[in-house]
Protein chains: 2
Amino acid sequence: MYNPRNANTSDRMTAPIIVDTAEAEVLRALRLRGRISRTEISNITGWSKAKTSQEIRGLVDKGYLVDVGEGASQGGRKPRLLRLNNGLGYVIGIDIGATSLELALADVGGRILQRRYETTDVRLKPEIVLGRCRELIGEMLDAQGSRPGQMLGIGVGVPGPVDFARGVLVAPPLMPDWQDFPIRDFFKEFFPSVYVVVDNDVNIMALGEQRTGDGANVDHFIFVKIGTGIGAGIISNGKIHRGSDGCAGDIGHICVDKDGPICRCGNSGCLEAMAAGPAIVEKAIQAAQNGSSPLLSQMREANGGILRPEDVNAACREADQAALEIIRSSGQMVGDVLATLVNFFNPSHIFIGGGIANFGNHLLVSIRQAVLRRSLPLATTRLSINFSRAGADTGITGAVALASEYLFMVEDGLHYSF
Amino acid sequence: MYNPRNANTSDRMTAPIIVDTAEAEVLRALRLRGRISRTEISNITGWSKAKTSQEIRGLVDKGYLVDVGEGASQGGRKPRLLRLNNGLGYVIGIDIGATSLELALADVGGRILQRRYETTDVRLKPEIVLGRCRELIGEMLDAQGSRPGQMLGIGVGVPGPVDFARGVLVAPPLMPDWQDFPIRDFFKEFFPSVYVVVDNDVNIMALGEQRTGDGANVDHFIFVKIGTGIGAGIISNGKIHRGSDGCAGDIGHICVDKDGPICRCGNSGCLEAMAAGPAIVEKAIQAAQNGSSPLLSQMREANGGILRPEDVNAACREADQAALEIIRSSGQMVGDVLATLVNFFNPSHIFIGGGIANFGNHLLVSIRQAVLRRSLPLATTRLSINFSRAGADTGITGAVALASEYLFMVEDGLHYSF
DNA sequence: TTGACTTTGTCTTGAAATTGAACGAAGTTC
DNA sequence: GAACTTCGTTCAATTTCAAGACAAAGTCAA
């Protein structure tokens, strides 16, 4: 195991672009709109036209903003629209899953320009997995014809509890070798001028939903990932709620049945052990064996004795009763837990994502039913529960968003603008 | 029932004292410390000594701040300490419980100067209960020798879900007649220049814990009230989390046993129906009847056939096994729910308050055990679970804190300073 | 006691930040 | 095509702010 005493983990994140408070406000206004005129910025910030004009000239001179032509007239002279200079450089998003590795190279506006996908095993040593990430980053930069210094930031999502301030994993059940491994420094060694942000995989999905999905402008929502494990990303007041130890949202090990099967965490009857991907497969195999589902049995034989969650999904589409019951039961367990969380947290939206998220409406309906049955009416009348539209892309989108989140930093070091 | 169409509910709260951004910063620094020198304010705000001096002169001239003499020397000239001018006026805190009414008159610094306590029945019409509050406020002001205009704000805590922005109760199970009743306007009619803030009773307890209890400087905590009902106040990032409909923290109706007794909310096996005061009494009566606790039986006879939660508590102190088991079982149910919430929210502290909160360590120990057994180690290693030190005073303290919370308002109307 | 050194708070002054108003450019509307 | 709008810049006037000088009050050690 990695020895943390040898690590030189940098507790302080450094952003590549330092701006002053006024510039940060312009950038914040910019993010609200995407493309924006000077007059609009003046209205949003409350500054005089003179100051706004001057501030923007500074930002354009530094190359952070570019003029992108005229906008529609409001009854007078057409405004000149500005946006972030995409030529400023690139950011990298990395989504590390239990069995896969996904990377994207994007411009500072968050538009993805290149992607890489590979299968891997996260139980391997971090040097191996992250080393491969470094290689792939190099590949993408080369393909982009990038000059040194054009890569500005890296956002990494990992499937385990993260101490966000230090950027390390803490007691990750899935990947014990990663405990306290200084992910940030590992990348910084190769790309010294780049800042690196590490977060939980579900948190980045929530961030992705907020930035590029239906979570925009939603104050309070929960993003639930159902895949090999189950986890939640919490947006409270428009910001990720990480809790006091950075492990908020770890709902996979909530107890749903005291007499349930033993989970890998040691307890019995955890939500994850009863409703996530492996549990679904397990039940499907039983159904295939005991003859209650000839279809699943047939699929299993065709697959060489193996069943995957996708097969159960396919069986659902064929209206296979056993498969439907498996999914319905998973949805109900997830929904029962969510009902508790809805009463407690009162979000306006719940987004479901992860590998199981494409399982069509059977899953969604049973989740909704369970939540509505057990939550307070006041909390559910305006509650929306839906799949994340970004689907399988939510993770990588969020990783890119995480990277661009900390691109600009206010000089006092306390507040992040973007 | 009150007809909301006739109401003229003012959606916008108006604070009696409007300050500019700079003044608000001084007041914020003041709240951090209580009494503070100009130099300290200069350090906290980052302003030059000149600006600080000038800003404070303005606040002293307006009468908001007063000089309270010299502080201890730091090796040179003694600083002159400033604090909020308590002579500025009074605030009123009102804590409305299911069966009781508690009011306090405090100075703007939150120091309670007078108190009133009465039993009532909250199921009565709001005009009756709130009318009595108005009378008691008048009494206290008279006793204080107050001039008109000296009362600045009222903070009201009510036992039900509150739409905080509008200051009205929404679908309150305990008090249906209060639905949409314009509490704010009811007081404003009598005290026109006063602002009124209404919030859930548990939220104000959380606020009280944050202001005058052990919750100071704690970023994320949950305040759990166990009394006639069970509810939670959530502090996320130092602020009350009210959720998207204002009903966050309503954990009393989380299901702990699908086959449990019917709750007044209509569902079965709610935490509140199984572990709160009435359930404890119910179990105690059974124990008294079936002979498993001679002590409880004896107490019941002495009380004229009635048992109260306090009696069960007293029996616990006498090591009565049946009583201990009742409390242990309540604690475990509360703890099981809290375990879920700890995994989800990852607070660093949980404070237990309400009528059952004086039940000594038996309750606390069983809650702790249940939480530790079912929560993630990472979330519990630094978690503290304790009774609220303020005890029975947390509610009224919080109501006063709520009133003083919105005493000063920044002129842009968006940010509250204090 | 005395003299050197600190801390606190005020005041003055010059520099920097910010605004208001004027103005030209560019469009719309009737 | 005249009158009115909107957009953005320029420049002088004003406001804001910080640095530094200074006086007051106090500590500390010889």
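Per chain, numbering begins at 1; letters A, B, ... match sequence-line order. Quick note: numbers below take in every heavy atom, side chains included, and nothing from hydrogens, waters or symmetry partners. Keep in mind it's a predicted model, so treat the numbers as computed, not measured.
- The separation between B/Trp47 atom CH2 and D/dA18 atom P is 10 Å, rounded to whole Å.
- Base contact: A/Lys49 has a heavy atom under 4.0 Å from a base atom.
- Note that CZ of B/Arg57 and CG of B/Leu65 are 13.5 Å apart. Values are rounded to the nearest 0.5 Å.
- Between B/Asp67 and B/Arg83 there is no salt bridge, since no side-chain nitrogen of the basic residue lies less than 4.0 Å from a carboxylate oxygen of the acidic one.
- Taking atom CG of A/Leu81 as the reference point, atom P of D/dT6 lies 17 Å away to the nearest angstrom.
- Not one side-chain nitrogen or oxygen of B/Thr39 sits closer than 4.0 Å to the OP1 or OP2 atom of C/dT7.
- Spacing between atom CG of B/Asp20 and atom P of D/dT15 amounts to 16 Å, rounded to whole angstrom units.
- The distance from atom OG of B/Ser348 to atom CG of A/Asp245, rounded to the nearest 0.5 Å, is 7.5 Å.
- Salt bridge status for B/Lys188 with B/Asp185: absent, with no side-chain N to carboxylate O gap under 4.0 Å.
- Across the protein-nucleic acid pair, B/Gln54 atom CD and D/dA19 atom C1' stand 15 Å apart, rounded to whole Å.
- Taking the six-membered ring for Trp and thresholds of 30 and 60 degrees, A/Phe164 and A/Tyr406 have ring planes inclined between 30 and 60 degrees apart.
- When heavy atoms are screened at a 4.0 angstrom cut-off, A/Glu55 is found touching no nucleic acid atom at all.
- If you take CD1 of B/Ile36 and C1' of C/dG9, they are 15 Å apart, rounded to a whole angstrom.
- When each of C/dT8, D/dC7, C/dC11 is scored by its nearest atom to the side-chain atoms of B/Pro79, the top-ranked nucleotide is C/dT8.
- What separates CZ of A/Arg38 from C1' of D/dT10 is a distance of 14 Å, to the nearest Å.
- Within residues 57-67 of chain A, no residue is approached by DNA chain C to less than 4.0 Å at the level of any non-hydrogen atom.
- Note: NZ (A/Lys51) to C1' (D/dG8) measures 17 Å, nearest angstrom.
- Both A/Glu70 and A/Gly46 lie close to DNA chain C; mapped to their nearest nucleotides by heavy-atom distance, the more 5′-ward contact belongs to A/Gly46.
- Between B/Arg80 and B/Gly75, the residue anchored closer to the 5' end of DNA chain C is B/Gly75, taking for each the nucleotide with the nearest heavy atom.
- For A/Lys78 and C/dG27, the NZ to C1' distance is 8 Å, given to the nearest whole Å.
- Atom CD of B/Gln74 and atom OG of B/Ser37 lie 7.5 Å apart (nearest 0.5 Å).
- When heavy atoms are screened at a 4.0 angstrom cut-off, B/Ser73 is found touching the sugar-phosphate backbone but no base atom.
- Put simply, the side chain of A/Ile56 reaches to within 4.5 Å of the side chain of A/Leu82, judged on heavy atoms.
- A donor N or O paired with an acceptor N or O is not found under 3.5 Å between the base of D/dT6 and the side-chain atoms of A/Arg77.
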